[in-house]
*Asks:* 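A single structure is presented below for examination.
Note that this is a predicted model, so its numbers are computed, not measured.
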Amino acid sequence: QVHLVESGGGLVQAGGSLRLSCTASGRSFSRPVMGWFRQAPGKERDFVAAISSSGITPYYADSVKGRFTISRDNAKNTVYLQMNNLQREDTAVYYCGARTNLMDIHNADRYDYWGQGTQVTVSS
């Protein structure tokens with residue numbers, strides 16, 4: 001079992017920045033592939049970004065490329081999502097997910113574990 005805890009959400013004005021963190025604990029598989037998804041009210045959970053187990057290869061949704069950066073610190077079992085130039089359409093609950101491989105990285109159903117989510121609200 002892997003337990004994921006997100007933090008760092010909050011209220012920010014458009015154009016501002018936030019950094020989300022997701023810390024993993026428990027034992028299941030070592031160095032999982034980690035991803036960030038977001039879900040706005042009434043919408044599906046959408047892919048935002050993911051990162052390989054080594055931290056070398058990031059993946060991004062087109063909507064966040066150039067604004068968001070995913071990184072990880074394996075020594076701390078933590079993955080980060082730096083979000084810059086936030087816009088109102090970025091408002092959502094952000095979830096951290098863990099999985100064992102990089103196949104179909106954008107598909108939420110392929111992730112084995114999820115955190116409880118952290119709310120990000122961007123005001124105009």
*Asks:* Side-chain contact, heavy-atom cut-off 4.5 Å: Asp112 with Val2?
*Replies:*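 The answer is no; the side chains never approach within 4.5 Å.
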
*Asks:* If you look at every heavy atom in Arg38 and Ser63, which pair is closest and at what distance?
*Replies:*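 Minimum heavy-atom contact is NH2-OG, 3.6 Å.
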
*Asks:* Enter the distance from Ile105:CD1 to Thr57:OG1 here, rounded to the nearest 0.5 Å.
*Replies:*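 Spacing of CD1 (Ile105) from OG1 (Thr57) equals 10.5 Å.
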
*Asks:* Carefully, step by step, assess Phe37 and Tyr111 under the rule ring pair (Phe, Tyr, Trp, His ring centres under 6.0 Å).
*Replies:* CA-CA 11 Å; Phe37 284 70; Tyr111 285 73; 5.0 Å; yes

*Asks:* Could you check whether Thr121 and Thr91, counting side-chain N and O atoms only, form a donor-acceptor pair closer than 3.5 Å?
*Replies:*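 No, Thr121 and Thr91 have no side-chain donor paired with an acceptor closer than 3.5 Å.
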
*Asks:* Going by heavy atoms in the side chains, are Lys76 and Ser21 under 4.5 Å from each other?
*Replies:*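 Of all side-chain heavy-atom pairs linking Ser21 with Lys76, none is under 4.5 Å.
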
*Asks:* Does the pair Asp90 and Arg67 meet the rule for a side chain to side chain contact (heavy atoms under 4.5 Å, CB included), with working shown?
*Replies:* CA-CA 11 Å; Asp90 296 315; Arg67 299 189 299 125; 2.7 Å; yes

*Asks:* Which atom pair, heavy atoms only, marks the closest approach of Ala98 to Pro32?
*Replies:*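 Smallest interatomic distance, heavy atoms only, reads CB-CB, 4.1 Å.
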
*Asks:* Between CD of Gln39 and CD of Gln119, what distance do you get to the nearest 0.5 Å?
*Replies:*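 So the gap between those two atoms works out to 11.0 Å.
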
*Asks:* Do Phe68 and Trp36 come close enough that some side-chain heavy atom pair is under 4.5 Å?
*Replies:*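 No, their side chains stay 4.5 Å or more apart.
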
*Asks:* Taking the side chain as every heavy atom from C-beta outward, state whether Val93 and Arg45 have any atom pair closer than 4.5 Å.
*Replies:*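 Of all side-chain heavy-atom pairs linking Arg45 with Val93, none is under 4.5 Å.
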
*Asks:* For Val33 and Arg110: C-alpha separation, side-chain torsions, deciding distance, then whether side chain to side chain contact (heavy atoms under 4.5 Å, CB included) applies.
*Replies:* CA-CA 11 Å; Val33 172; Arg110 295 295 191 102; over 6 Å; no

*Asks:* Is there side-chain contact between Leu20 and Met83, with heavy atoms separated by less than 4.5 Å?
*Replies:*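 Touching, per the 4.5 Å side-chain cut-off.
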
*Asks:* Do Tyr60 and Thr69 have side-chain heavy atoms sitting under 4.5 Å apart?
*Replies:*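 Yes, close enough: below the 4.5 Å cut-off.
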
*Asks:* Is the number of heavy atoms from other residues, nucleotides or ligands under 6.0 Å of Gln13 CD greater than 12?
*Replies:*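 No, because the 6.0 Å sphere around CD of Gln13 holds 12 heavy atoms or fewer from other groups.
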
*Asks:* To the nearest 0.5 Å, what is the distance between OG (Ser52) and OH (Tyr59)?
*Replies:*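 The distance works out to 6.0 Å.
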
*Asks:* Who pairs with Lys43 by side chain to side chain donor-acceptor pair (under 3.5 Å), at least two apart in sequence or on another chain?
*Replies:*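 Once residues adjacent in sequence are excluded, Lys43 has no partner under the side chain to side chain donor-acceptor pair (under 3.5 Å) criterion.
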
*Asks:* Should Trp114 and Cys96 count as side-chain neighbours, where that means a heavy-atom distance under 4.5 Å?
*Replies:*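 Not touching, per the 4.5 Å side-chain cut-off.
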
*Asks:* Any donor-acceptor pair under 3.5 Å linking the side-chain atoms of Ser17 with those of Asn84?
*Replies:*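 Judged by distance alone, the side chains do pair up.
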
*Asks:* Apply the test side chain to side chain contact (heavy atoms under 4.5 Å, CB included) to residues Glu6 and Leu4: give CA-CA distance (whole Å), side-chain angles for both, the deciding distance (0.1 Å), then the verdict.
*Replies:* CA-CA 7 Å; Glu6 302 101 332; Leu4 303 175; 5.6 Å; no

*Asks:* Considering all heavy atoms of both residues, which atom of Met34 and which atom of Val79 are nearest to each other, and what is their separation?
*Replies:*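 Smallest interatomic distance, heavy atoms only, reads CE-CG1, 3.9 Å.
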
*Asks:* Ignoring hydrogens and angles, tell me if any N or O in the side chain of Arg99 forms a donor-acceptor pair with the backbone of Asn101 under 3.5 Å.
*Replies:*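 The answer is yes, because a donor-acceptor pair under 3.5 Å joins these two groups.
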
*Asks:* Nearest 0.5 angstrom please: Asn77 CG to Arg31 CZ, how far?
*Replies:*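 Result: 9.5 Å between the selected atoms.
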
*Asks:* Testing the basics here: between Ile70 and Pro58, what is the closest heavy-atom pair and its distance to 0.1 Å?
*Replies:*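 Where Ile70 meets Pro58 most closely, the heavy atoms are CG2-CB, 3.7 Å.
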
*Asks:* For the residue pair Leu81 and Ala49, what are the closest heavy atoms and their distance?
*Replies:*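 Shortest heavy-atom separation between Leu81 and Ala49 comes out as CD1-CB, 4.1 Å.
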
*Asks:* With side chains defined as the heavy atoms from C-beta onward, is the minimum distance between Asp73 and Tyr80 less than 4.5 Å?
*Replies:*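 Yes - at least one pair of side-chain heavy atoms lies under 4.5 Å apart.
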
